[in-house]
2 protein chains.
Amino acid sequence: MQYSYAYPHPAVTTDIVIFTIQHSRLEVLLIQRLKDPFKDCWALPGGFVDIDENLENAAMRELCEETGVRDVYLEQLFTFGDTGRDPRERVITVAYFAVVPNHLLQPIAGSDAAAVAWQPVDQLPALAFDHDRIIETARSRVSAKARYSTIACQFLPKEFTLSELQTVYEILLKEQLDKRNFRKWILSLNCIEATGAMRRNGQHRPARLYTPVDPGHVAFIR
Amino acid sequence: MQYSYAYPHPAVTTDIVIFTIQHSRLEVLLIQRLKDPFKDCWALPGGFVDIDENLENAAMRELCEETGVRDVYLEQLFTFGDTGRDPRERVITVAYFAVVPNHLLQPIAGSDAAAVAWQPVDQLPALAFDHDRIIETARSRVSAKARYSTIACQFLPKEFTLSELQTVYEILLKEQLDKRNFRKWILSLNCIEATGAMRRNGQHRPARLYTPVDPGHVAFIR
DNA sequence: GCAAAAGTGTTACGCGTACACCCATGG
DNA sequence: CCATGGGTGTACGCGTAACACTTTTGC
């Protein structure tokens, strides 16, 4: 079957930059392409937007297909539509980014045939299309949002220690933070609260556990 | 001539929210639609993205057609693509916003037949499609950017007085500012500098003129 | 008892905020 | 000389930044 229009129409895709923190660094989920163009190249997960599907739903569908997760943080990033960014036809991609807590990232379920891998954003392989630019844009956005929102909590499970949260901030901001100042600051925001529970990790004092006051919600701060 | 595809393709448009400050308020450029759907309704300027035209070029083209200006601040805002937002076919719109200095806004040149008018963002008529939501998104963005960038300078001509700049901030932020504190703050940013020239406006002391250190560039501050 | 991470308080400095009067000009 | 907006300085308080030692646990 063919679909015809009086004027040429571009194709519209969504690509999604899925972030997690693993191995003490920011990582992104990539797939290895099976077909040309850019066969064997690494690329962002993504695909065509169905004609009767909202953009955000398309991005959620991709996210779920690649990671098996839902109900994680998802935000529209930017729309990349330069002519020539895909050699086959005019393709405009609405890029999204997602933040997946690291305890949920084992099951890369439902991914189709291509290889799928978490890769550190600071040492990426050659990427298909303009996906390097998309990832760089997403990286800037998520780091910037760490400064003025509670997005960092989205990298962690429902309960976490203050040290874990501090590590997330340090990775996103690429700078070391003072432990006492960090604790004073994060607690003064009233965006997380102690659960009362503790966690024993190793041969040292157990840590108090905290949880977001408003889970799933990214609040603006300052 | 017909253009055929193996899968259905959405149409892609750009709509552009063109802001200026006039009559001591934030205003936006609207056009009155000549045809259905939403005949006679007010709407944002915009139109289809040519198949061999970059998105930003499409937005610049619209801006230039509607206002005759070029080389003003233009930024991608958000992509609105809900199914059903256009009753004719699936239309995904990449929205941009622009800031036009008020001394350039007389010549609404080259606009095609429909009525064109500047309207205050706080008293808008009923709008076509989801254009009310687009304008609200743009309004939030420009106000937020006033707090952490030098975008306010983009509303003014190359040379302006500190009182004029303060008025722009007050309109964007919807709050009164203290004159002495504003001057101390804006000068400490080193984003504007005195030209040495003065301007006589009325029957009072002439004002020093200032100009952006890096004209055309919107710097992040704080 | 030792290694390893958790937890805790005080001081100093800079920035943001509050606030009122004189100056230059035109009419 | 009067009306109008232009231009200027200080004092206070809060928030950010610097900084080191004790506690609890496992081995």
Side-chain angles (χ1 to χ4, degrees), chain A residues 21 23-24 102 144 146-150 152 156-157 159-211 219-222, chain B residues 21 23-24 102 144 146-150 152 156-157 159-211 219-222:
Chain A
I21 285 179
H23 309 121
S24 300
N102 53 23
R147 294 194 183 277
Y148 65 85
S149 80
T150 58
L156 294 172
E159 297 196 328
F160 48 81
T161 69
L162 290 184
S163 294
E164 288 167 343
L165 186 58
Q166 181 175 343
T167 300
V168 172
Y169 273 93
E170 288 176 339
I171 290 167
L172 294 178
L173 302 179
K174 288 187 175 176
E175 63 185 277
Q176 296 301 108
L177 302 174
D178 178 82
K179 184 164 44 160
R180 281 168 295 188
N181 291 339
F182 175 76
R183 285 165 186 243
K184 221 182 319 169
W185 173 72
I186 196 77
L187 293 174
S188 75
L189 297 177
N190 295 314
C191 60
I192 61 171
E193 60 189 5
T195 64
M198 310 281 278
R199 182 197 295 158
R200 272 180 289 272
N201 257 330
Q203 57 190 50
H204 55 81
R205 181 172 174 175
R208 273 194 253 238
L209 292 175
Y210 290 80
T211 194
F220 286 84
I221 56 192
R222 298 195 185 185
Chain B
I21 285 179
H23 309 120
S24 300
N102 52 23
R147 294 193 183 277
Y148 65 86
S149 80
T150 57
L156 294 171
E159 296 196 329
F160 48 81
T161 68
L162 290 184
S163 294
E164 288 168 342
L165 185 58
Q166 181 175 344
T167 300
V168 172
Y169 273 94
E170 288 175 340
I171 290 168
L172 295 178
L173 301 179
K174 289 187 174 174
E175 63 185 278
Q176 296 300 109
L177 302 175
D178 177 83
K179 184 163 45 161
R180 281 167 296 189
N181 291 339
F182 175 76
R183 284 165 189 243
K184 217 185 321 169
W185 173 73
I186 196 77
L187 293 175
S188 76
L189 298 177
N190 295 315
C191 60
I192 60 172
E193 61 189 5
T195 64
M198 310 282 277
R199 181 198 295 158
R200 272 180 290 273
N201 257 332
Q203 56 189 50
H204 55 81
R205 180 173 174 175
R208 274 194 251 234
L209 292 175
Y210 290 80
T211 194
F220 287 84
I221 57 192
R222 297 194 189 185

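Values below: all heavy atoms of this structure, side chains included; hydrogens, waters and symmetry mates excluded. From a predicted model like this one, the values you see are computed outputs, not experimental measurements. Order of the sequence lines sets the chain letters (A, B, ...), proteins ahead of strands, with each chain counted from 1.
Here CD1 of I21(B) is found 10.5 Å from CD of E170(B). Values are rounded to the nearest 0.5 Å. Separating the CG atom in L189(B) from the OG1 atom in T150(B) is a distance of 9.0 Å, to the nearest 0.5 Å. Note that CH2 of W185(A) and CD1 of I221(A) are 4.5 Å apart. Values are rounded to the nearest 0.5 Å.
Between the P atom of dT17(C) and the CZ atom of R183(B) lies a distance of 17 Å, rounded to the nearest Å. The interatomic distance linking I186(B) (CD1) with dT8(D) (P) rounds to 15 Å, in whole Å. The interatomic distance linking L187(B) (CG) with dG16(C) (C1') rounds to 16 Å, in whole Å. Nucleotide dC12(D) holds its P atom 15 Å from the CZ atom of R180(B), rounded to whole Å. Rounded to whole Å, the distance from CH2 on W185(B) to P on dT8(D) is 18 Å. dT8(D) atom P lies 14 Å from atom CG of N181(B), rounded to whole Å. The nearest whole Å value for the distance from the CZ atom in F182(B) to the P atom in dA18(C) is 16 Å. In this entry the distance linking CZ of R199(A) with P of dA5(C) reads 15 Å, nearest Å.
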Heavy-atom contacts, protein to nucleotides 22-27 of chain D, under 4.0 Å, summarised as B (base), S (sugar-phosphate only) or - (none) per nt, yield -BBBBS
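Contact check for R208(B) versus L162(B): no side-chain heavy atoms found under the 4.5 Å cut-off. When side chains are defined from C-beta on, V168(B) does not count as touching F160(B), because their heavy atoms never get closer than 4.5 Å. Using a 4.5 Å heavy-atom cutoff, the side chains of E193(A) and T211(A) are in contact. Put simply, the side chain of L165(B) reaches to within 4.5 Å of the side chain of I192(B), judged on heavy atoms.
The base of dA5(C) lies outside donor-acceptor range of the side chain of N201(A), with no N or O pair under 3.5 Å. If you check distances only, the side chain of K184(B) never reaches the base of dT8(D) with a donor-acceptor pair under 3.5 Å.
The aromatic rings of F220(B) and Y148(B) sit parallel to each other, their planes meeting at less than 30°, with 60° as the upper class boundary.
Across dA18(C), dG16(C), dA6(C), the shortest atom-to-atom separation from the side chain of A207(A) is found for dA6(C).
Contact check of residues 160-179 of chain B against DNA chain C (heavy atom, cut-off under 4.0 Å) returns D178(B).
Residue contacts for R208(B): at a heavy-atom cut-off of 4.0 Å it reaches the sugar-phosphate backbone alone, with no base atom in range.
Environment of CZ in R199(A): crowded, with over 12 heavy atoms of neighbouring residues, nucleotides or ligands closer than 6.0 Å.
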